[in-house]
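See below for the structure under consideration.
Numbering of residues begins at 1 and proceeds along the displayed sequence. Just so it is clear, the values below take in all heavy atoms, side chains as well, and ignore hydrogens, waters and symmetry mates.
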Amino acid sequence: MHYLLIYEVVAEYAERRSAYRSAHLAHAWAAADRGELLLGGALADPVDGAVLLFRADSAAVVEAFAAADPYVINGLVTRWRVRSWTTVVGEGATNPLRPT
């Protein structure tokens, strides 16, 4: 199953994240190396949030990632939520549907 982790961040996120960026990236790459985190990054123009795409057996994997994320722990993320995403088109879709 695919999951989206959606972060809402503080207004000064772009300026404040540098203090925690190395730790956050290490945390994210560890999840990627385990095959859980597929893509992630900040939204642009404006930098007012972030979205991370996971593939996991349950939302608990994504929730554990967020709870241990240095950006969350240090208050740069003001709110986060996990949404299950039913993917049907594209390489890696968990429920591929093709026209007949």
Side-chain angles (χ1 to χ4, degrees):
M1 181 67 149
H2 283 120
Y3 295 92
L4 294 173
L5 174 58
I6 303 162
Y7 281 168
E8 294 177 18
V9 297
V10 295
E12 62 279 356
Y13 169 75
E15 296 78 26
R16 290 182 49 198
R17 71 181 171 184
S18 63
Y20 310 103
R21 194 161 198 189
S22 291
H24 165 76
L25 290 174
H27 180 59
W29 277 107
D33 291 343
R34 290 190 302 272
E36 299 163 353
L37 177 58
L38 303 179
L39 292 169
L43 298 171
D45 299 321
V47 180
D48 61 353
V51 178
L52 297 92
L53 170 61
F54 287 80
R55 185 173 189 148
D57 292 332
S58 76
V61 170
V62 184
E63 292 164 356
F65 175 91
D69 187 343
Y71 285 174
V72 172
I73 292 168
N74 290 286
L76 275 69
V77 174
T78 58
R79 180 175 179 250
W80 59 268
R81 60 192 173 117
V82 176
R83 295 286 312 265
S84 58
W85 187 22
T86 304
T87 53
V88 297
V89 175
E91 188 175 327
T94 57
N95 302 291
L97 296 175
R98 292 206 174 258
T100 56

Show the nearest heavy-atom pair for residues [X] and [Y], with the distance to one decimal.
{"X": "Tyr3", "Y": "Asp57", "answer": "OH-O, 4.0 Å"}
{"X": "Glu15", "Y": "Ser18", "answer": "O-OG, 3.8 Å"}
{"X": "His2", "Y": "Ala93", "answer": "CE1-CA, 4.3 Å"}
{"X": "Tyr13", "Y": "Ala42", "answer": "CE2-CB, 4.3 Å"}
{"X": "Val72", "Y": "Tyr7", "answer": "CG2-OH, 3.7 Å"}
{"X": "Thr87", "Y": "Gly92", "answer": "OG1-O, 4.5 Å"}

- Determine whether more than 12 heavy atoms belonging to other residues, nucleotides or ligands lie under 6.0 Å from atom CZ of Arg83.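 Atom CZ in Arg83 is not crowded, with 12 or fewer foreign heavy atoms closer than 6.0 Å.
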
- Message: As an exercise, state the distance from CG of Asn74 to NE2 of His24, rounded to the nearest 0.5 Å.
- Response: 12.0 Å

- Query: In Å and rounded to the nearest 0.5 Å, what is the CD to CZ distance from Glu36 to Arg55?
  - Reply: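 Answer for the CD-CZ pair, Glu36 versus Arg55, is 12.5 Å.
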
- Report the C-alpha separation of Val9 and Leu76 in whole Å, then their side-chain angles, then the decisive distance to 0.1 Å, and conclude whether the side-chain contact (heavy atoms from CB on, under 4.5 Å) test is met. CA-CA 6 Å; Val9 297; Leu76 275 69; 5.7 Å; no

- Item | Close side-chain approach of Leu53 to Trp85, heavy-atom, < 4.5 Å | yes

- Message: Is there a side-chain contact between Arg21 and Tyr71 in this structure, where contact means two heavy atoms from C-beta onward sitting under 4.5 Å apart?
- Response: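 Heavy-atom side-chain distance check passes, below 4.5 Å.
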
Is there a path of hydrophobic side-chain contacts, each under 4.5 Å between heavy atoms of I, L, V, M, F, W or Y residues, that connects [X] with [Y]?
{"X": "Val61", "Y": "Val82", "answer": "no"}
{"X": "Trp80", "Y": "Leu4", "answer": "no"}
{"X": "Leu39", "Y": "Val62", "answer": "no"}
{"X": "Ile73", "Y": "Val10", "answer": "no"}
{"X": "Leu25", "Y": "Tyr20", "answer": "no"}

- Message: Between Phe65 and Leu52, does the side-chain contact (heavy atoms from CB on, under 4.5 Å) criterion hold? Intermediate values first, please.
- Response: CA-CA 10 Å; Phe65 175 91; Leu52 297 92; 3.9 Å; yes

